[in-house]
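Taking it in order: structure first as structure tokens, then the write-up.
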Protein chains: 2
Amino acid sequence: MALQSAATRDSRTAAQGPARFYNPCEACAVRGAGICAPLEPQELERLSAIAGRSRLGAEQVVFCEGDPADTVFAVTEGTVRLSKMLLDGRRQITGFLSPGGFLGIAYSDTYSYSAEAVTSLALCRFPRRQLEGLIVELPGLERRLLSMAFDEIKAAQDQMVLLGCKSAEEKLATFLWQWCLKAGRRERSDCVIDLPMNRTDIADYLGLTTETVSRTFSRFAKEGILALPSTHDVILRRPERLKEMASGEF
Amino acid sequence: MALQSAATRDSRTAAQGPARFYNPCEACAVRGAGICAPLEPQELERLSAIAGRSRLGAEQVVFCEGDPADTVFAVTEGTVRLSKMLLDGRRQITGFLSPGGFLGIAYSDTYSYSAEAVTSLALCRFPRRQLEGLIVELPGLERRLLSMAFDEIKAAQDQMVLLGCKSAEEKLATFLWQWCLKAGRRERSDCVIDLPMNRTDIADYLGLTTETVSRTFSRFAKEGILALPSTHDVILRRPERLKEMASGEF
DNA sequence: CGCGCGTTTGAATGTTTTCAATCTTCGTGG
DNA sequence: CCACGAAGATTGAAAACATTCAAACGCGCG
């Protein structure tokens, strides 16, 4: 379903003058965060022209590993999980995407991983072919894509360190600390974070079982490092302890 | 030390005529594999103009995590290992690079990981600034970089699956099978592979200890899956068994 | 030939997993 | 509005896999 209908677009056109169309991207909540960031208004309009918008409910599938990769997405609201599965059902979550995140590009003609909605989502859709055409024309877009790819590589490397080197405790501490930073609540000593995903998602992201994740949460709570008002809300009472446990990194 | 000295270049110039300079990239063993692949001869010359060449002995450091990232490298001979360390010395090897591989780009103003020579190396060096300038001018270069970044992301995701989901046995089987594919010996039933790295490197790549790697090698040998003429040479006697154990992937 | 380092092998330990049961939460329907 | 049922989360106990500690082996180099 279109988030921004043609009708809405037309009504704004009239208000802004005859030659100028209303561009929903300009009012986008993640304008400045996603791929759109480096684009000039007229370039943004080109991008907007090929963009569709859609909403998905929680747990719905955006795309599956192996599907023909004909669409690229940008997250504007909600949280997406990216995952890969083994034949016997074991799953590795390779990342969580927040608004501004970009998914589906980068890959052959089929998606190399699956993407699902953790929460309800708002997405921008770009037909892959058209986006690729636009990349050729707009150097800013390609530069931005490269920069986002580099960030993704860096994040993936950090995750490899986590998966390969760290203990359960260190893994969860790292995860919570990073989520805390991402939420931008680093200033307050009492950092309240919302974890949209469930324990299984966290486990599959950290290479643990739900039981181990749960036990580790409980231990942290018992030690006064955090409090758990509900399963999805965490209050970091001693974020500095968490940071210590998480760290180890250069 | 320069692999191709200015003197050598001059002598060839004379041999080829007054207006044309000898371009060592044209004779490069990895021409067609690395970033140079998509470049036209004249573009290649631009790239060649900013390239330096050097050799390193085994175990020498190419660069360290945290060093100012002013140079980008391309591997022309040998194997490089990329790694990240925790403060207490635990190490995760994030990848091994073979000829055609590219390292050092992608990152802020400091390297986000370390790179060391597994074997003796031959490298091309590109001053980062100049390469970035060239990227702006040569769209093929940027396209290629993006494509290589995407491949790297894909590989990183596979490695996350390995680290997060797989057993020691599956990890080693995956590693050997991939190395076998990379060496291009997939046709023969008896696939002989050369592992330039030592057991510790393999362990740190797979998120295991050297002991576990060694034990798993021994078990594979006892089961007739492979033979170990020496620690660095592996004969895959039943590669299909290895592939089965490795797989699990879609 | 002997030393040193990397590898292999063995035994004990431990962290995480597995299996199982209970508790909690939340949505649905009576 | 409350009761019920299902799914997720927590907790406990037992088991397993990989690690740790320790010793022996083997290979290459001086």
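Naming convention: chains lettered A, B, ... in sequence-line order (proteins, then strands); numbering from 1 in each chain.
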Separation of D:dC17 P from B:Glu170 CD (nearest whole Å): 11 Å
Extract all donor-acceptor atom pairs below 3.5 Å that involve side chains of residues 228-235 of chain B and protein atoms in other chains or at least two apart in sequence.
| residue | atom | partner | partner atom | Å |
| --- | --- | --- | --- | --- |
| B:Ser230 | OG | B:His232 | N | 3.3 |
| B:Ser230 | OG | B:Asp233 | N | 3.4 |
| B:Ser230 | OG | B:Asp233 | OD2 | 3.0 |
| B:His232 | ND1 | B:Leu195 | O | 2.7 |
| B:His232 | ND1 | B:Met197 | O | 3.3 |

Rounded to whole Å, CD of A:Glu169 lies from P of C:dT16 at a distance of 8 Å
I'd like to know if the side chain of A:Ser54 pairs up with that of A:Arg125 as donor and acceptor (distance under 3.5 Å, no hydrogens or angles considered). yes
Using 30° and 60° as the class limits, which term best fits the ring planes of B:Tyr113 and B:Phe63: parallel, tilted or perpendicular? tilted
Find the bend of the helix from C:dC1-D:dG30 to C:dG30-D:dC1 as the angle between its two terminal axes (five pairs each), to the nearest 10°. 30°
B:Leu172 CG to C:dT7 P, in whole Å, measures 13 Å
Please round to the nearest 0.5 Å and tell me the distance separating atom CD of A:Gln92 and atom SG of B:Cys165. 4.5 Å
Between A:Phe96 and A:Trp179, what is the ring plane arrangement, given parallel below 30°, perpendicular above 60°, and tilted in between? perpendicular
Return the value, rounded to whole Å, for the distance between atom CG of A:Asp88 and atom P of C:dT18. 11 Å
For B:Thr216 and B:Lys171, test the side chains for any donor-to-acceptor distance below 3.5 angstrom and give the result as yes or no. no
Any donor and acceptor pair, going by atom type alone, linking the side chain of B:Lys243 with main-chain N or O of B:Trp177 inside 3.5 Å? no
What integer distance in Å separates A:Asn198:CG from C:dC26:C1'? 14 Å
With a 4.0 Å heavy-atom cut-off, tell me which residues in residues 203-216 of chain B come close to DNA chain D, sorted by residue number. B:Gly207, B:Leu208, B:Thr209, B:Glu211, B:Thr212, B:Arg215
Separation of atom CG in B:Leu163 from atom P in D:dA18, rounded to whole Å: 13 Å
Quick one: what's the B/S/- string for nucleotides 24-30 of chain D, heavy-atom cutoff under 4.0 Å, read 5' to 3'? -------
Residue pair A:Tyr111 / A:Asp70, side-chain heavy-atom distance below 4.5 Å: yes
Decide, yes or no, whether a salt bridge links B:Glu223 with B:Arg238 under the criterion of side-chain N to carboxylate O below 4.0 Å. no
Does any part of the side chain of B:Met160, heavy atoms only, come nearer than 4.5 Å to the side chain of B:Leu163, both counted from C-beta? no
Nearest-angstrom distance from the residue atom CZ of A:Arg90 to C1' of C:dT18: 14 Å
Per the under-4.0 Å heavy-atom filter, residues of residues 220-232 of chain A near DNA chain C come out as none
So, are B:Arg241 and B:Glu244 salt-bridged, with charged N and O less than 4.0 Å apart? yes
Taking atom C1' of D:dA9 as reference, at what distance in whole Å does atom CE of A:Met197 sit? 16 Å
Restricting to pairs with a member in residues 201-219 of chain A, which pass salt bridge (charged side-chain N to carboxylate O under 4.0 Å, His left out), not counting sequence neighbours? A:Arg81-A:Asp201, A:Arg91-A:Asp201, A:Arg91-A:Asp204, A:Glu169-A:Arg219
